Amino acid sequence: MSQTQRVGNIVLLPKSGDPLDPRNRRPITLLNVDYKILAKALGNRLSDVMPDIVGPLQTCAVRGKCIQHNLWLMRDLIEFVKVRDLPCALVSLDQEKAFDMVDHDFLFRTLESFGLNSVYFVGSRYYKDVTSIVTVNGLTSGPFPVRRGVRQGCPLSPFCMFSSAKRSVPRWTDALGFRPFNVPGGARVKCVQYADDVTVLCRTSPPLSLYRRF
């Protein structure tokens with residue numbers, strides 16, 4: 001692809017809260033149509049192997065799963081603990097600016113370590129030597145290089161985001177001593193994830209010494 005095909009136009013869409021606060025603006029990158037068609041084709045191939053890359057509790061960008069699965073699980077789990085009279089707390093975590101913090105070199109090494117060499121070769125072309133411009137109030141900035149983050153608006157961004165994170169959340173919940181819920185059917189539930197939104201299920205309080213460590 002040419003350099004003009006790889007340039008993105010960032011626009012800031014208002015979220016909830018004060019619209020004048022920059023933190024309440026979502027940066028969406030408008031991309032070239034050819035770029036998006038090629039990225040979507042590569043994303044369709046990646047979706048076949050995503051269950052082997054991300055944890056089983058990640059529901060975004062995984063074929064056959066959707067955000068409703070998280071909602072249904074939370075609804076059923078709340079009913080389950082009420083009926084069994086079990087102690088339970090749901091801790092909702094939103095990793096601020098997670099899509100903007102992914103290091104490109106780390107991302108490419110991660111894809112390569114998973115054996116996705118062809119994806120690494122092609123995908124690196126989508127994020128190496130790319131530039132963006134910003135449009136605010138009808139005014140457009142000059143181009144600047146993008147060396148960090150994945151573009152919200154790119155079909156590949158969810159796959160890149162989750163392959164970098166992989167199973168990090170279950171690992172730190174293990175370190176904090178959270179015990180999973182054994183629900184009917186044999187499943188063990190400790191947390192659920194959708195993109196960078198995580199809900200941790202707390203059954204018992206970890207030792208106080210762990211709070212001091214973390």
Side-chain angles (χ1 to χ4, degrees), residues 1-47 50 53-54 58-63 65-71 92-108 110-111 116 119-120 122-166 168-169 192-199:
M1 291 181 295
S2 67
Q3 185 61 42
T4 55
Q5 288 177 306
R6 286 181 288 160
V7 65
N9 186 358
I10 300 175
V11 296
L12 303 178
L13 300 182
K15 299 170 62 177
S16 59
D18 182 5
L20 299 180
D21 189 339
R23 293 173 297 181
N24 293 327
R25 294 272 177 167
R26 183 186 301 276
I28 301 297
T29 303
L30 307 178
L31 297 165
N32 177 272
V33 174
D34 294 336
Y35 174 106
K36 296 194 73 171
I37 291 174
L38 292 171
K40 182 63 177 179
L42 184 57
N44 288 340
R45 298 190 66 184
L46 267 175
S47 64
M50 284 299 285
I53 296 178
V54 300
Q58 174 63 256
T59 59
C60 181
V62 178
R63 184 167 293 174
K65 296 184 179 181
C66 63
I67 192 172
Q68 280 80 10
H69 289 140
N70 291 6
L71 302 176
S92 180
L93 308 173
D94 187 355
Q95 303 171 51
E96 186 177 12
K97 308 301 181 187
F99 280 81
D100 301 327
M101 301 300 291
V102 178
D103 180 79
H104 288 179
D105 289 336
F106 173 76
L107 169 62
F108 301 146
T110 302
L111 290 173
L116 303 177
V119 176
Y120 163 76
V122 178
S124 63
R125 271 47 181 182
Y126 287 83
Y127 282 96
K128 277 190 176 180
D129 300 324
V130 296
T131 58
S132 287
I133 58 178
V134 179
T135 298
V136 178
N137 295 331
L139 301 177
T140 301
S141 72
F144 56 89
V146 179
R147 300 187 178 94
R148 200 176 188 88
V150 295
R151 292 161 153 175
Q152 297 192 56
C154 174
L156 283 177
S157 61
F159 303 100
C160 295
M161 178 74 182
F162 308 146
S163 62
S164 298
K166 205 185 179 189
S168 59
V169 172
V192 293
Q193 300 170 262
Y194 185 83
D196 55 334
D197 295 322
V198 181
T199 301

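Keep in mind that this is a model prediction, so the values were computed, not measured.
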Please report the shortest heavy-atom distance between [X] and [Y], naming the atom on each side.
X: Gln152; Y: Ser157; result: CA-OG, 4.5 Å
X: Pro158; Y: Pro155; result: CD-O, 3.6 Å
X: Arg25; Y: Pro27; result: O-CD, 3.5 Å
X: His104; Y: Val146; result: CE1-O, 3.5 Å
X: Lys36; Y: Leu31; result: CG-CB, 3.8 Å
X: Met50; Y: Val62; result: CB-CG2, 4.4 Å

Do [X] and [Y] have side chains that approach each other closer than 4.5 Å (heavy atoms only, starting at C-beta)?
X: Ser132; Y: Arg151; result: yes
X: Cys154; Y: Thr29; result: no
X: Tyr194; Y: Leu71; result: no
X: Asp103; Y: Arg148; result: yes
X: Asn32; Y: Thr4; result: no
X: Val192; Y: His69; result: no

Please check this pair: side chain of [X] against backbone of [Y], looking for a donor-acceptor N/O pair closer than 3.5 Å.
X: Ser141; Y: Val134; value: yes
X: Thr59; Y: Gln193; value: yes
X: Asn9; Y: Leu30; value: no
X: Asn137; Y: Leu139; value: no

[X] side, atom [atom1]; [Y] side, atom [atom2] - distance, nearest 0.5 Å:
X: Lys40; Y: Ile37; atom1: NZ; atom2: CD1; answer: 12.0 Å
X: Thr131; Y: Gln3; atom1: OG1; atom2: CD; answer: 4.5 Å
X: Asn70; Y: Gln58; atom1: CG; atom2: CD; answer: 8.0 Å
X: Ile133; Y: Ile10; atom1: CD1; atom2: CD1; answer: 9.0 Å

inquiry  = Take a 6.0 Å sphere around CZ of Arg147 and say whether it holds more than 12 heavy atoms from other residues, nucleotides or ligands.
reply    =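 No, not enclosed.
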
